[in-house]
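Naming convention: chains lettered A, B, ... in sequence-line order (proteins, then strands); numbering from 1 in each chain.
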Amino acid sequence: MRAPRSDAPDLMTVVTRFAPSPTGLLHVGGARTALFCWLYARRMGGKFILRVEDTDRERSTEEAVRVILEGMAWLGLDADEGPYYQTERFDRYGAVIAEMLKAGSAYHCYCTREELDALRAQQIARKEKPRYTGICRERTAPRPGVAPVVRFRNPQAGTTVVEDLVHGPVAFQNAELDDLIIARSDGTPTYNFCVVIDDMDMGVTHVIRGDDHLNNTPRQMNMLRALDATPPAYAHVPMILGPDGAKLSKRHGAVSVLQYEEEGYLPDALLNYLVRLGWSHGDQEVFTREEMIAAFDIHDVNKAASAFNPEKLLWLNQQHMVRSPPRALIPHLRAQLRRLGTDSDDEQLLEGVIVAQRERAKTLKEMADNSRFFFSDDIRMDPKAVAKHMTADGLAALAEVRARLAALKEWKASAINDALNALAAELQLGLGKIAQPVRVAVTGTAVSPPIDVTLALLGRERALARLDAVLARGAGSHT
RNA sequence: GCUCCCUUCGUCUAGAGGCCUAGGACAUAGCCCUCUCAAGGCUGUAACACGGGUUCGAAUCCCGUAGGGAGCGCCA
């Protein structure tokens, strides 16, 4: 019944845990809390536990559990233990409650919901803090016809100080804390109690969680002390606000982290963004996973809430795309291509496209969008680009380009570049006068990677075929 | 209402009494580079919430004020 940790205080290895309740999605706020827990455990060579807080059977769903697990997996936040489920530990909670009842640190309360509601209403009317006044604290006899709840007997005097790792010491008067319910009238244990028992049983040394739990902490510490256990270290990290500084909403980030996968973000980029929200390491902005682990310290986390900035996330995502080995991006690009109804298993082409496009796209989705013409011959011609560049002059240049390119011995970017430049010089035109019609002809748009690179990647056959198609059409329209 | 928390450029942050004429990054403006679009380089605009103290000296320490947030459930 003791916290394992207190048996071996000298073997104080760090144990953290992420404990989401499966009543909603894993959004960026939760993901950041999970990240901090994970990072701190990794940094300290400790253990990271995943625990699902599903005591509220009404609101918990299996779907939510799945989404949370998938989100954690996508982010690469691997747990050393778990997932544990609180619903599988009800026997244990029941045993502890029985013990506390016997020891007198908990008691039965026979007040009905109606009575409690009325009490609360009165207190609010009197502009008092709504709280349980301890009506049943000294009651010894049961009240017929009422199934009791169990309340924790909180100390009424003194002060409880939370030595918070991010906030510093925070003092609470015990008199401000009322006797919270630890078991409902149907016997099921409540959240604040389960957390305490789980953290104790699992040997959690560092509770890293959202700011919103700071007020719960003194009660949890008091329960731990009533159980003769030493409270863990606490770190309450601030919440994430929407870009407008208001509470995070669906519009801007209160969506599943898996949404970011769909939109073409790299997990490491999202993690990088999240870790820099409320934490910094000198002037460094871009971190690999390893660098984050090496540099992270929970003590350096800021106290203030911070606003989510999608633009910076975008920038970071590009930084990560540019810095990671191109081949590593292949599966990601292919996943996005499939969403567009194409695909390719030509690794050389894929890698070439990634290198050519990574500086021109903020996300992999955008990269795929901009790269369709590399993978599908069914290209859409942008009417504006056609109107602007497929002029009589443009078509004339195109015909000449076609001839020169067809004569090329070697189909590679440098040779193509030389040929185009030579032609431009001969015709006394800027390279743009030639490159743009070619670009429109082979890509359908006025925007693409450098024309030599684009043609080289496309390959001789496909490039010439596309030029021919446009020339045929162009000739037709002039007759 | 009560308790607790928070407050540096638009945003993320650096800053632990003199190094601050407040630094970096995103965004933004201009210039350079340039076959398009980007990327990149350079330059610029832009902040210590307010008021009192303490001190030779305060973004940094103390006290108030204002504004924001959280908690106060048989929710988690």
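Among the atoms of the strands shown, base atoms are found under 4.0 Å from some heavy atom of A:Asn216. A:Lys129 comes within 4.0 angstrom of a nucleotide base, judged by non-hydrogen atoms across all strands. A:Ile451 comes within 4.0 angstrom of a base, heavy atoms only. Here A:Gln319 lies in heavy-atom contact (under 4.0 Å) with sugar-phosphate atoms only. Using a 4.0 Å heavy-atom cutoff across all strands shown, A:Ala304 reaches sugar-phosphate atoms only and no base atom. If you check every strand for non-hydrogen atoms under 4.0 Å, A:Pro20 touches nothing. Across all strands shown, A:Val170 has heavy atoms under 4.0 Å from sugar-phosphate atoms exclusively, and none from any base.
The pair A:Arg51-A:Asp199 meets the salt-bridge criterion, with a side-chain N (NZ, NE, NH1 or NH2) lying under 4.0 Å from an Asp/Glu carboxylate O. A:Arg17 has no carboxylate O lying under 4.0 Å from a charged side-chain N of A:Asp198, or vice versa, which leaves the two without a salt bridge.
The gap from the C1' atom of B:C19 to that of B:A29 amounts to 31 Å, rounded to the nearest Å. Comparing the P positions of B:G67 and B:A58 gives an interatomic distance of 28 Å, to the nearest angstrom. For the P atoms, the distance from B:C5 to B:G10 is 27 Å, rounded to whole Å. With P as the reference atom, B:C62 and B:G69 are 25 Å apart, rounded to whole Å. As rounded to the nearest Å, B:A47 and B:A59 have P atoms that lie 15 Å from one another. When the C1' atom is used for both B:U13 and B:A27, the distance is 14 Å, rounded to whole Å. Rounded to a whole angstrom, the distance from the C1' atom of B:G71 to that of B:G18 is 41 Å. Between B:U55 and B:C26, the distance separating the two C1' atoms is 38 Å to the nearest Å.
Aromatic pair A:Phe296/A:Phe36: ring centres closer than 6.0 Å.
Residue A:Thr55 places at least one side-chain N or O closer than 4.0 Å to OP1 or OP2 of B:A76. Within the structure, every side-chain polar atom (N or O) of A:His236 is placed at least 4.0 Å from both OP1 and OP2 of B:C5. Contact check, A:Asn302 against B:A14: a side-chain N or O comes under 4.0 Å of OP1 or OP2. Residue A:Ser448 places no side-chain N or O under 4.0 Å from the OP1 or OP2 atom of B:U36. Side-chain N/O atoms of A:Ser306 include one lying less than 4.0 angstrom from OP1 or OP2 on B:U13. Listed pair A:Lys303 / B:G69 fails the phosphate criterion, with no side-chain N or O lying under 4.0 Å from OP1 or OP2. For the OP1/OP2 pair of B:G73 and a distance below 4.0 Å, the side-chain nitrogens and oxygens of A:Arg120 include at least one atom meeting the criterion.
Looking at A:His167 and A:Asp211, their side chains do bring a donor and an acceptor atom within 3.5 Å of each other.
Nearest nucleotide to the side chain of A:Pro130, out of B:C72, B:A70, B:A76: B:C72. You'll find that the side chain of A:Asp212 is closest to B:A70, out of B:C12, B:A70, B:C74. When distances are taken from the side chain of A:Phe172 to each of B:C35, B:U11, B:U3, the shortest belongs to B:U3. For A:Ile181, the side-chain atoms get nearest to B:G73 when compared with the rest of B:C12, B:A27, B:G73.
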Evaluate the criterion side-chain hydrogen bond (donor to acceptor under 3.5 Å, both in side chains) for residue pair A:Thr217 and A:Arg209; output intermediate values, then yes/no. CA-CA 11 Å; A:Thr217 307; A:Arg209 69 212 325 183; 3.2 Å; yes

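Distance check, rounded to the nearest 0.5 Å: CD of A:Gln318 to CZ of A:Arg323 gives 11.0 Å.
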